[in-house]
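Worksheet: the structure to be examined is printed underneath.
This chain uses plain numbering: 1 for the first residue, then up along the sequence.
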Amino acid sequence: MIELEGVPELIDPVMVAAFEGWNDAGDAASAAVAHLDREWKGEVFASLDAEDYYDFQVNRPTVSLDGGVRKITWPTTRLSVVRVGGGDRGGDGDGKGRTRDLVLVRGIEPSMRWRSYCNEILGYAHELGVEMLVVLGSLLGDTPHTRPVPVSGITSDADLARRLDLEESRYEGPTGIVGVLQEACTHAGLPAVSLWAAVPHYVSQPPNPKASLALLNRLEDLLDISIPLGELSEDARAWQLGVDQLAAEDSEVAEYVQSLEEARDTADLPEASGEAIAREFERYLRRRDPHTAEGGRTTEGRDGSFLRDTSSGRTRPPRPAPQDPPHEESPEGDE
């Protein structure tokens, strides 16, 4: 039995997870969860025993000096909790909007015993009363760095796909811990969603703040919360300028990027741009005042992990316009 000490009763908790490794191109997903933990001053309440899940010759511990004393940090998975909205825990609440808790899971894809690993995470979710699991991931794709980062929302739950305007997973092939965890959630009866950002394969080295920012924006829309971005927006702009300069120095790369831009612009329908503008404007309004967005009222309840816009009768976020998914180099994107 999992014993939780010092963790108060949580309000409408959602678990948000990311794992370094195969499902984390450009470290975009793990950096996004790290951003949430840093901005909201997450309080770590549990960590998984590294001995059970990691091969230390693959994921080696690190040594550091702390006040002249050598300290070893072991690779593991840590769980922390933050409060979003008008609460006191988790940093600077603005006193406005809906209050809810996020359980953040940050770790490295385990080397072994994946089923036990997932069961342990689900054990914490059960004890904490988690209503939904959202896993962030990133993959390599044929997408230009100069365009908005494509983010796909995927679930294996047909009902959840209809309610939240997500894609149903149709992927078949090798999978990572994200796919295994999502399948474990299905068997446990816990709603689960994965959000995937496409990272340009020609600039795959970390970090990629633009992809992290895109994941956080999509998470905002999914959970109807306002996420403090700190310096992430500026980091994303600086990253794109840096890649622009590198591409300009190589004519072959510049030509390839241009071909990707043309393909992307052809695929994007006019209404897709309109939907993107509408979502960005709603996000802007939410950051100004979480009570209002799109001119509609919002309602909430214990069963409503997700708010509804009563002016339209739809569960938010709005349905994005259909578009072809990115072509990924690694198969983990359709979990």
For Y202, the rest of its hydrophobic cluster, which grows through side-chain links under 4.5 angstrom:
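Its cluster mates, by chain and number, are V203, W239, V243, V253, Y256, V257, L260.
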Just list the side-chain donor-acceptor pairs under 3.5 Å for residues 70-78, sequence neighbours left out, or say none.
unit_1 : atom_1 : unit_2 : atom_2 : d
T76    : OG1    : L48    : O      : 2.5
T77    : OG1    : Y54    : OH     : 3.0
T77    : OG1    : Y117   : OH     : 2.5

[X] vs [Y] side-chain heavy atoms within contact, under 4.5 Å:
X    : Y    : answer
F19  : L181 : yes
V193 : M132 : yes
Q182 : V135 : no
V82  : K41  : no
I177 : C118 : yes
L215 : R218 : no
L102 : W40  : yes
T146 : R264 : no

If you take all heavy atoms of D101 and V81, which pair is closest and at what distance?
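Result for this residue pair: CB-CG2, 4.3 Å.
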Closest non-hydrogen atoms of P200 and L140, given as atom of the first, atom of the second and distance, are O-CD2, 4.5 Å
Check the pair I227, E39 against side-chain contact (heavy atoms from CB on, under 4.5 Å), reporting the backbone distance first and the verdict last.
CA-CA 9 Å; I227 296 175; E39 290 294 323; over 6 Å; no
Do any side-chain atoms of residues 26-37 form donor-acceptor pairs under 3.5 angstrom with protein atoms, and if so which ones, sequence neighbours left out?
unit_1 : atom_1 : unit_2 : atom_2 : d
S30    : OG     : D24    : OD2    : 2.6
S30    : OG     : D27    : O      : 3.4
H35    : NE2    : P228   : O      : 2.8
D37    : OD1    : S80    : OG     : 2.7

Without swapping roles, check the side chain of R115 against the backbone of A184 for a donor-acceptor pair under 3.5 Å.
no
Is the count of non-hydrogen atoms from other residues, nucleotides or ligands lying under 6.0 Å from E252 atom CD greater than 12?
no
